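What you see is a predicted model, and the numbers here were worked out from it, not measured in a lab. Lettering of chains follows the sequences in order, A, B, ..., and the numbering in each one begins at 1. Below, all heavy atoms of this structure are taken into account, side chains as well, without hydrogens, waters or symmetry copies.
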Protein chains: 2
Amino acid sequence: MGSTANDVRSEPVELDEIDKKLLRMLAENARRTNNSMAAELAIAPSTCLARVNRLRETGVIRRYTVDVNPERIGRALQALIFVRIRPGARHTMSTFSSEIRGLRGVTQLFFLGGTDDFVIHLAVRDSHDVRQFVLDHLSANPAVASTQTSLVFDHLPGGPWV
Amino acid sequence: MGSTANDVRSEPVELDEIDKKLLRMLAENARRTNNSMAAELAIAPSTCLARVNRLRETGVIRRYTVDVNPERIGRALQALIFVRIRPGARHTMSTFSSEIRGLRGVTQLFFLGGTDDFVIHLAVRDSHDVRQFVLDHLSANPAVASTQTSLVFDHLPGGPWV
DNA sequence: TTTGAAATACCCTTAAG
DNA sequence: CTTAAGGGTATTTCAAA
């Protein structure tokens, strides 16, 4: 297959107005039927399908997914944890990130340049869980130089891409 | 309609193992067919459908959406911008956040407690765009006390919720 | 590329156990 | 919660413009 979906260094995909509208529609409701989108855009369903498939195959759409409301599953508390790795342990950073992602409550991970090396976006039940997370997975790790935790009062995800 | 979907203060929804597996499946591919999920879980399609509808109606699933790869649409550069509001202008914060979200390139907004008041997750074409964003929308705003920008080398979104 | 039509596959509802 | 069957709709393919 000659797909370029996973080649992150390939040229960006050119998007016309229809593509952008499709992305906005799908960002709002990824389960909208092809027919309803085609109708709204006044194009043929087959054309619409070809467009959407192209967005998927070229990797513009990485995946169709769900936006989970953390509060509704008992994760009432969100935090950003800023992590610095010890200068002598920088080479362990990729290992570290692999360990962190996949841990319960970790919803996002940012790999930064600058004073902090990582930002962990955590969604857990209460402050006890935050403390436990930091103790178990950060403070206990000799590669970690320091951490700083900030509470997230509000999180507005998934802004418009196009 | 007696839905509790928008009542963020209502009790969390109890999730059993099947619900959790459904969430994981849908997080990975929100467009999976009901039948295929039912088959994998060895439950009846009608049961499966009822489960998924319940997740949606109770607000556990806020929306079905797409994960867009910013690099594929020419947004090769991501940054986190940490913003402090002047103490005397704290009352303008909600106005400020409304203005920021919806701006081109803003993909997430965190409303924080702690030393910084906001974190803006930006995805743009190049460093020029970052600079322009900060100048136009942050530095120019008298409510903004300071900003600090960090480049995002890598972003791992959408970790497992359950 | 886009289209329209045809064939296939799938979903949703209902009713009954 | 499950099974089973119906009617209805969506998806997909493909030849032609």
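Of the listed nucleotides (D/dT2, C/dC11, C/dT2), C/dT2 has the atom at the smallest distance from the side chain of A/Arg51. Ranking C/dC11, C/dT3, D/dT11 by closeness to the A/Asn35 side chain, first place goes to D/dT11. For A/Thr33, taking side-chain heavy atoms from C-beta onward, the closest of the listed nucleotides C/dT2, D/dT13, D/dT11 is D/dT11. The side chain of B/Ser46 has D/dT3 as its nearest neighbour among D/dT3, C/dA5, C/dC12.
Going from atom CZ of A/Arg32 over to atom P of C/dC11 covers 19 Å, rounded to whole Å. At whole-Å resolution of the value, CD1 in B/Ile18 and P in D/dC1 are 8 Å apart. Remark: P of C/dC11 and CZ of B/Arg56 are 18 Å apart, rounded to the nearest angstrom. Taking atom CD of A/Glu57 as the reference point, atom P of D/dT12 lies 11 Å away to the nearest angstrom. Nucleotide D/dC1 holds its P atom 12 Å from the CG atom of B/Leu49, rounded to whole Å. Between the P atom of D/dA10 and the CG atom of A/Asn29 lies a distance of 13 Å, rounded to the nearest Å. For the pair B/Asn53 CG and D/dC1 C1', the interatomic distance rounds to 16 Å; values are reported in whole Å. Regarding A/Met37, its CE atom lies at a distance of 14 Å from the C1' atom of D/dT12, rounded to whole Å.
Residue-level contact check: A/Ala44 touches the backbone only, with heavy atoms under 4.0 Å from sugar-phosphate atoms and none from bases. Contact annotation for A/Arg31: no contact, since no heavy-atom pair falls under 4.0 Å across all strands.
Ion pairing between a basic and an acidic side chain is recognised when a charged N comes within 4.0 Å of a carboxylate O; B/Lys21 and B/Glu40 show no such pairing. Taking 4.0 Å as the cut-off between side-chain N and carboxylate O, A/Asp19 and A/Arg54 count as a salt-bridged pair.
Look at the C1' atom in both C/dG17 and D/dG7: the space between them is 23 Å, to the nearest Å.
Listed here is the closest heavy atom pair of B/Glu99 and B/Leu103: O-CG, 3.4 Å.
Under the 6.0 Å cut-off for aromatic ring centres, A/Phe118 and A/Phe111 qualify, their centroids lying closer than that. The six-membered or imidazole ring of A/His121 lies near that of B/Phe110, with a centre-to-centre distance under 6.0 Å.
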